[in-house]
Amino acid sequence: MLGFRIAKRQEPLQWGSFFIFFAALALSLGISCLLLAIQGKPFMRALLLLWEGAFAHGYSLEDTALKSIPIFLCSLGVAVCFRMQVWNIGAEGQYALGAVGATWAVLTFPDAPAWALMPLMFAAAAALGAAWAAIPAFLRLKFELNEIISTLMFNYIGMLLLEYYVYGDWKDPASFGFPMTVMFPDTAIIGSMFGRIHWGAAVCAVVAVMLSVFLKRTRLGFELMAGGENPRAARYARMPYNFLVMLVMVLCGALAGWAGLIETSATLNRLQPNVMVGYGYTAIVVAWLARLRITSIAVFSILLAGLRVGVENLQLELQVPAAFAGIMQGLLLITVLAGQFFNWYEIKRVSGMEGEVDTLGNSGNSGNSGNSGNAGNAGNASNTGNTGDARNAVNGGQE
């Protein structure tokens, strides 16, 4: 009788991750095409529209690059947390607080020069985003509250806090009742480097280099990576584990806050509710797909940003629901993570005779162990008898 068993490979497949990713991508696209076909949509034309909307033209490439900037910054922060096995799901709320902090700086000091206002915006965005992330970190360290639940709940509070200000005191009186602030002054707007690509892309590059150096070249970065691999060993080695947990959460909050600042300043030029489009949640998918590697995060940020832009094209041409982008992201994540299983494990085909031989071998070993135990008992009894005879001989001699 034939059967199967799962065995771990001695070493991962060469180029396995490369082929597994493309196989998973093809499978996720195939399932997406099936869903489109069920709705009566021409799936081949849909794939073509998806590609054209994301990467085929200069305007679409710029749009993809612009959307990848906040996704990249949020993904960097999330990846650092995940390295420490701190499951921060709250990048969306921290992104919202960063946008609120930057807007506060602009509305409080509207006449400040650019050399003073821009650093103040970055400082305020980082401070509010970091403070928002520090609260769940404190709750985990002090009360052992699961950070998945707390950061997820803080997302909704952060988004509602943003709406509170936009619908309230910060609403532009000349906006005809629409929830938005006044336009930012030119000194508070991040300018463009070329075309529509703004200096936020340069911020991403600098942050990526600095974070890579920090993780690979500093003692604190080594402790961070070691603490994530084995928290108990890190505590035993007297590494500052609690400090590291707080550090990664604060760092993630600051990076997500900068993402909110850049999107508010460079793209919208004001604060309004539609700044919240789910970049923080997309960052979680990007971090896992990239396996927490900084260079891979850049690639997957562009890929998923292109997916967002392409689905917008599908909405216009084929009236596909906006939620279809989320469905495709979920399918891609599930298929890639499932495919990575085969990079480390293989399914072997075994016969029933092999299983019976293994069972008989184990039974034989058990029998041998039992015989050894019996021999040991007999030896002990013999030794006891010999000891008794010797004692009798000694007593007889004394008499």
Side-chain angles (χ1 to χ4, degrees), residues 8 11-12 17 72-95 97-98 126-127 129-155 204 206-259 280-281 283-298 300-301 333 337 340-341 343-344:
K8 188 171 184 179
E11 55 185 30
S17 299
F72 179 73
L73 287 174
C74 291
S75 301
L76 285 181
V78 169
V80 172
C81 287
F82 288 176
R83 281 182 181 272
M84 271 290 293
Q85 296 190 21
V86 177
W87 312 117
N88 180 14
I89 314 298
E92 186 76 359
Q94 296 146 24
Y95 170 92
L97 266 291
W132 203 247
I135 300 173
F138 173 78
L139 294 175
R140 166 180 164 157
L141 296 174
K142 185 68 175 178
F143 303 105
E144 298 184 357
L145 179 64
N146 190 308
E147 69 274 12
I148 296 177
I149 298 173
S150 59
T151 53
L152 184 61
M153 295 299 101
F154 268 65
N155 283 343
C204 290
V206 172
V207 169
V209 172
M210 293 180 64
L211 187 60
S212 180
V213 171
F214 169 73
L215 292 175
K216 297 179 180 179
R217 303 292 182 181
T218 66
R219 177 180 176 179
L220 198 60
F222 171 78
E223 290 178 344
L224 188 152
M225 298 178 73
E229 292 292 334
N230 194 330
R232 294 182 63 185
R235 288 190 176 97
Y236 182 79
R238 298 186 181 278
M239 293 182 185
Y241 182 78
N242 290 351
F243 170 76
L244 292 174
V245 170
M246 182 64 73
L247 175 65
V248 296
M249 287 291 288
V250 167
L251 184 59
C252 179
L255 292 176
W258 278 1
Y281 295 119
I284 299 171
V285 180
V286 169
W288 277 121
L289 290 176
R291 302 175 69 178
L292 312 182
R293 297 170 181 167
I294 293 178
T295 52
S296 299
I297 287 174
F300 281 101
S301 296
L333 177 63
L337 292 182
Q340 288 176 359
F341 170 84
N343 197 31
W344 289 96

Roughly how far, to the nearest 0.5 Å, is [atom2] of [Y] from [atom1] of [X]?
| X | Y | atom1 | atom2 | result |
| --- | --- | --- | --- | --- |
| C74 | I297 | SG | CD1 | 11.5 Å |
| L244 | M225 | CG | CE | 12.5 Å |
| L152 | Y281 | CG | OH | 5.5 Å |
| L139 | S150 | CG | OG | 6.0 Å |
| C204 | L255 | SG | CG | 9.5 Å |
| Y95 | L73 | OH | CG | 10.5 Å |

Least distance between heavy atoms, [X] atom then [Y] atom:
| X | Y | value |
| --- | --- | --- |
| S75 | S301 | OG-OG, 4.2 Å |
| C81 | V248 | SG-O, 3.3 Å |
| L289 | F300 | O-CE1, 3.5 Å |
| N155 | I89 | ND2-O, 2.9 Å |
| E92 | G280 | OE1-N, 2.7 Å |

For the backbone of [Y] and the side chain of [X], can you confirm whether one donor and one acceptor N or O come within less than 3.5 Å of each other?
| X | Y | answer |
| --- | --- | --- |
| Q94 | G129 | no |
| Q85 | G228 | yes |
| N242 | L141 | no |
| R83 | L224 | no |
| S212 | A208 | no |

Exercise. On the 0 to 90° scale, with breaks at 30° and 60°, tag the F82-W87 ring pair as parallel, tilted or perpendicular.
Key: tilted

Quiz item: Is the number of heavy atoms from other residues, nucleotides or ligands within 6.0 Å of CZ (F222) greater than 12?
Solution: no

Quiz item: Is the CH2 atom of W132 crowded by more than 12 outside heavy atoms at less than 6.0 Å?
Solution: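 Check passes, neighbour count above 12.
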
